[in-house]
Amino acid sequence: VSILGIIFMFILPIYVILNNFNLNQDEKIVYSFFIGVGIIPSIVYWTSFKIPLKLSLAISIISLIVAGILISYFKQKRNKE
């Protein structure tokens, strides 16, 4: 269960963002883990000053996933033009 939690919390949000760039599958996974270990706790730490910790964690993960989806959407939209 804890491995799935690590994958969901640290790898998935950054992987969605890195999926928009020209990287190999292995590079995306490794980079997303190490970037996620640095970025996600920082975002959660700073937002937890204003809102509760669990809510801060959920908001940071959801916002990073949405950011990755939006980057993909705008990249596809720009390539069609």
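The first residue of the sequence shown is numbered 1, and numbering continues consecutively from there.
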Asks: Leu23, Ile29: one ILVMFWY side-chain cluster at the under-4.5 Å cut-off?
Replies: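 Yes, Leu23 connects to Ile29 through the hydrophobic network.
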Asks: Honestly curious: do Leu70 and Leu12 fall in one hydrophobic cluster under the side-chain, below-4.5 Å linking rule?
Replies: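 Leu70 and Leu12: separate clusters.
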Asks: Measure the spacing between CD1 of Ile71 and CZ of Arg78 and express it to the nearest 0.5 Å.
Replies: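 Interatomic distance, Ile71 CD1 to Arg78 CZ, rounded to 0.5 Å: 12.0 Å.
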Asks: Of the non-hydrogen atoms in Ser60 and Ser63, which two are nearest, and what is the gap between them?
Replies: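 Scanning both residues, the minimum pair turns out to be O-OG, 2.9 Å.
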Asks: Can you get from Ile61 to Leu55 by hopping between Ile, Leu, Val, Met, Phe, Trp and Tyr side chains that sit under 4.5 Å apart?
Replies: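 Shared cluster, no.
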Asks: Does any N or O in the side chain of Asn20 come within less than 3.5 Å of the main-chain N or O of Gly68, such that one atom is a donor and the other an acceptor?
Replies: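 Indeed, once roles are kept as given, a pair shorter than 3.5 Å links the two residues.
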Asks: Indicate yes or no for a side-chain donor-acceptor contact from Asn79 to the backbone of Lys75 under 3.5 Å, with no hydrogens or angles considered.
Replies: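 Yes, Asn79 side chain to Lys75 backbone: donor-acceptor pair under 3.5 Å.
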Asks: For Trp46 and Phe49, take the angle between the two ring planes, folded into 0 to 90°, and tell me which bin it lands in: parallel under 30, tilted 30 to 60, perpendicular over 60.
Replies: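 Answer is tilted, since the angle falls between 30° and 60°.
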Asks: Let me see the working for Ile40 and Met9 under side-chain contact (heavy atoms from CB on, under 4.5 Å), right down to the final yes or no.
Replies: CA-CA 8 Å; Ile40 293 174; Met9 288 182 6; 5.6 Å; no
Asks: Between Gln25 and Tyr15, does the side-chain contact (heavy atoms from CB on, under 4.5 Å) criterion hold? Intermediate values first, please.
Replies: CA-CA 10 Å; Gln25 187 76 21; Tyr15 183 83; 2.7 Å; yes
Asks: So, do Phe10 and Ile35 sit near enough that their side-chain heavy atoms are less than 4.5 Å apart?
Replies: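 No; the side chains remain at least 4.5 Å from each other.
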Asks: Kindly say whether Tyr73 contributes a backbone atom to a donor-acceptor pair with the side chain of Gln76 at under 3.5 angstrom?
Replies: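 No, the answer is negative, given that no donor and acceptor are paired below the 3.5 Å cut-off.
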Asks: Between Val16 and Ile69, is a side-chain contact (heavy atoms from CB on, under 4.5 Å) present by the stated rule, with each step listed?
Replies: CA-CA 7 Å; Val16 172; Ile69 293 170; 4.3 Å; yes
Asks: Would you please test Leu64 and Ile14 for side-chain contact (heavy atoms from CB on, under 4.5 Å) and show each step?
Replies: CA-CA 7 Å; Leu64 286 173; Ile14 305 299; 4.2 Å; yes
Asks: Are Val44 and Leu53 side-chain neighbours, meaning at least one heavy-atom pair lies under 4.5 Å?
Replies: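 When only atoms from C-beta onward are counted, Leu53 and Val44 do touch, with a gap below 4.5 Å.
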Asks: Measure the spacing between CD1 of Ile11 and CZ of Phe33 and express it to the nearest 0.5 Å.
Replies: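 Going from CD1 on Ile11 over to CZ on Phe33, the span is 6.5 Å.
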Asks: Is it true that the side chains of Ser56 and Ser48 contain a donor and an acceptor less than 3.5 Å apart?
Replies: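 Judged by distance alone, the side chains do not pair up.
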Asks: Same hydrophobic cluster for Ile62 and Ile59, using side-chain heavy-atom links shorter than 4.5 Å among ILVMFWY?
Replies: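 Unlinked, Ile62 and Ile59 end up in two clusters.
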Asks: Hydrophobic clusters here meaning ILVMFWY residues chained together by side-chain heavy-atom distances under 4.5 Å, can you tell me if Ile17 and Phe8 are in one?
Replies: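 Yes; tracing contacts between hydrophobic side chains, which count when under 4.5 Å, links both residues.
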